[in-house]
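All values reported here derive from a predicted model rather than from experimental measurement.
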Amino acid sequence: MVWRTAHKLDEALTGRVLTRSDFRVPRYATTDLTSRTVIETVSRGKHLLTRVEGDITVHTHLKMEGNWRVSPAANHQLRDYRIRLILANQQWQAVGSLLGIVEVIRTSQEDRVVGHLGPDLLGADWDTAEAVRRLIENPDRTIGEALLDQRNLAGIGTIYRAETLFLRGVNPWQRVGDVPSLAGLVELAKRLLEANKARPDTVTTGNTARGAQLWVYGRAGRPCRRCGTLIHKASLGPVIEERLAVWCPRCQPFPAP
């Protein structure tokens, strides 16, 4: 989703002069980027970086609820309270709603906000060996937590965690140090992300029919497509940071055989 959003923003804004920049967050309420040309928008893990001439980057993050919508430019005022940022040119307007992060930084200092991230599964910097090295640094951590830690590898969310672990037969609570072939696991995650990066819906089963796209995510309490066992769900991770884990107890036994 983040890669696709970056691609959409890049198509609408890159190479065009901004005719409107409306920051609806207190810290940047007076920031004005009009008359500046957008250089590009790229994704880095789950972060979006819109680079503007003058060593300026607009850094945004969707978090759980945010989204960017691109539509033909309009002159009427948008009054939706959910809007956090509007960037527009003569042809297009990009409207960011419920964005978890909105900030303006120096392009030359982007490492301040994304330098901590591990190799990006959809980026030019992808490095399987480096991702595995980072994961194995904490061998006693659960693989479910480790895969969502963007410092290890950037780009996996709860959907791809659930689907990748199911396809590899790995239980989310299994220790990183006990997971066979971490390299194979992260390479599978990369293939799933690559295959779905331009899709509006995620498909991991090979079946694009509605309701048949995923193996386990969103199917708690329903029969596993492979063995018929009821899919389980539970919170995984430390308090406040816990995220939903979904798995098949038969296809992903713990401890693994």
Side-chain angles (χ1 to χ4, degrees), residues 1-125 148-151 154-158 197-198 200 240-241 243:
M1 178 179 180
V2 178
W3 183 93
R4 190 166 66 251
T5 299
H7 183 68
K8 179 172 62 176
L9 292 174
D10 194 58
E11 284 190 324
L13 302 177
T14 294
R16 296 187 170 100
V17 176
L18 291 173
T19 56
R20 182 181 183 188
S21 71
D22 183 356
F23 288 82
R24 300 186 183 181
V25 292
R27 183 177 179 183
Y28 299 102
T30 61
T31 299
D32 184 6
L33 301 181
T34 57
S35 301
R36 295 180 184 270
T37 300
V38 175
I39 299 171
E40 63 181 343
T41 296
V42 299
S43 60
R44 182 74 173 85
K46 296 181 175 297
H47 299 256
L48 291 161
L49 304 170
T50 299
R51 294 165 180 156
V52 182
E53 66 174 340
D55 194 34
I56 295 170
T57 291
V58 179
H59 170 222
T60 58
H61 196 300
L62 304 180
K63 297 291 186 180
M64 298 298 291
E65 299 179 330
N67 69 82
W68 276 99
R69 290 180 291 106
V70 173
S71 60
N75 293 324
H76 62 272
Q77 180 74 306
L78 298 176
R79 301 185 183 280
D80 193 324
Y81 72 93
R82 294 169 295 184
I83 294 174
R84 302 290 181 268
L85 173 59
I86 301 172
L87 297 175
N89 52 53
Q90 289 187 339
Q91 290 80 30
W92 303 100
Q93 67 180 17
V95 179
S97 299
L98 297 175
L99 300 174
I101 294 175
V102 177
E103 64 176 344
V104 179
I105 60 175
R106 293 291 181 187
T107 304
S108 55
Q109 297 176 4
E110 284 179 357
D111 274 357
R112 180 172 65 80
V113 294
V114 295
H116 65 289
L117 298 175
D120 188 332
L121 286 146
L122 293 178
D125 71 324
L148 290 193
D149 189 337
Q150 304 297 296
R151 295 169 297 183
I156 293 182
T158 52
K197 65 183 183 182
I240 300 178
E241 296 178 16
R243 301 283 293 279

| query | Among pairs that include at least one residue of residues 79-95, which meet salt bridge (Lys or Arg N to Asp or Glu O under 4.0 Å), considering only residues two or more places apart or in two chains? | reply |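 Salt bridge (Lys or Arg N to Asp or Glu O under 4.0 Å) check on residues 79-95 returns Asp80-Arg82.
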| Inter- and intrachain pairs under salt bridge (Lys or Arg N to Asp or Glu O under 4.0 Å), touching residues 98-113, at least two apart |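 Checked against salt bridge (Lys or Arg N to Asp or Glu O under 4.0 Å) - neighbours excluded - the pairs reaching residues 98-113 are Arg51-Glu110.
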With sequence neighbours excluded, what pairs up with [X] under the salt bridge (charged side-chain N to carboxylate O under 4.0 Å, His left out) test?
| X | value |
| --- | --- |
| Asp55 | none |
| Arg20 | Asp22 |
| Arg16 | none |
| Asp10 | none |

| Would a distance-only check, ignoring hydrogens and angles, find a side-chain to backbone donor-acceptor pair under 3.5 Å from Thr107 to Ile56? |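 It does hold such a pair.
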| task | Among residues two or more places apart or on two chains, list those pairs meeting ring-ring contact (aromatic ring centres under 6.0 Å, His included) that have a residue in residues 88-115. | result |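 For residues 88-115: none.
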| task | Please check if atom CD in Gln90 has more than 12 non-hydrogen atoms from other residues, nucleotides or ligands closer than 6.0 Å. | result |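 Result for CD/Gln90: open.
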Just to verify, what does [X] make a side chain to side chain donor-acceptor pair (under 3.5 Å) with, not counting sequence neighbours?
| X | value |
| --- | --- |
| Arg44 | Asp125 |
| Gln150 | none |
| Ser43 | none |

| message | So, using ring pair (Phe, Tyr, Trp, His ring centres under 6.0 Å) as the criterion, who are the partners of Trp3 when residues are at least two apart? | response |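 Trp3 satisfies ring pair (Phe, Tyr, Trp, His ring centres under 6.0 Å) with His7 only.
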| said: Please enumerate all residues that pass ring pair (Phe, Tyr, Trp, His ring centres under 6.0 Å) together with His61, with sequence neighbours excluded. | reply: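 His61 satisfies ring pair (Phe, Tyr, Trp, His ring centres under 6.0 Å) with His47 once adjacent residues are dropped.
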| Nearest heavy atoms of Phe23 and Tyr28, plus distance in Å |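 Result for this residue pair: CB-O, 3.1 Å.
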| field | Nearest heavy atoms of Ala94 and Val70, plus distance in Å | value |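 It is CB-CG2, 4.2 Å.
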As an exercise, state the distance from [atom1] of [X] to [atom2] of [Y], rounded to the nearest 0.5 Å.
| X | Y | atom1 | atom2 | result |
| --- | --- | --- | --- | --- |
| Arg243 | Met64 | CZ | CE | 5.0 Å |
| Thr60 | Leu48 | OG1 | CG | 4.0 Å |
| Leu18 | Leu33 | CG | CG | 6.5 Å |

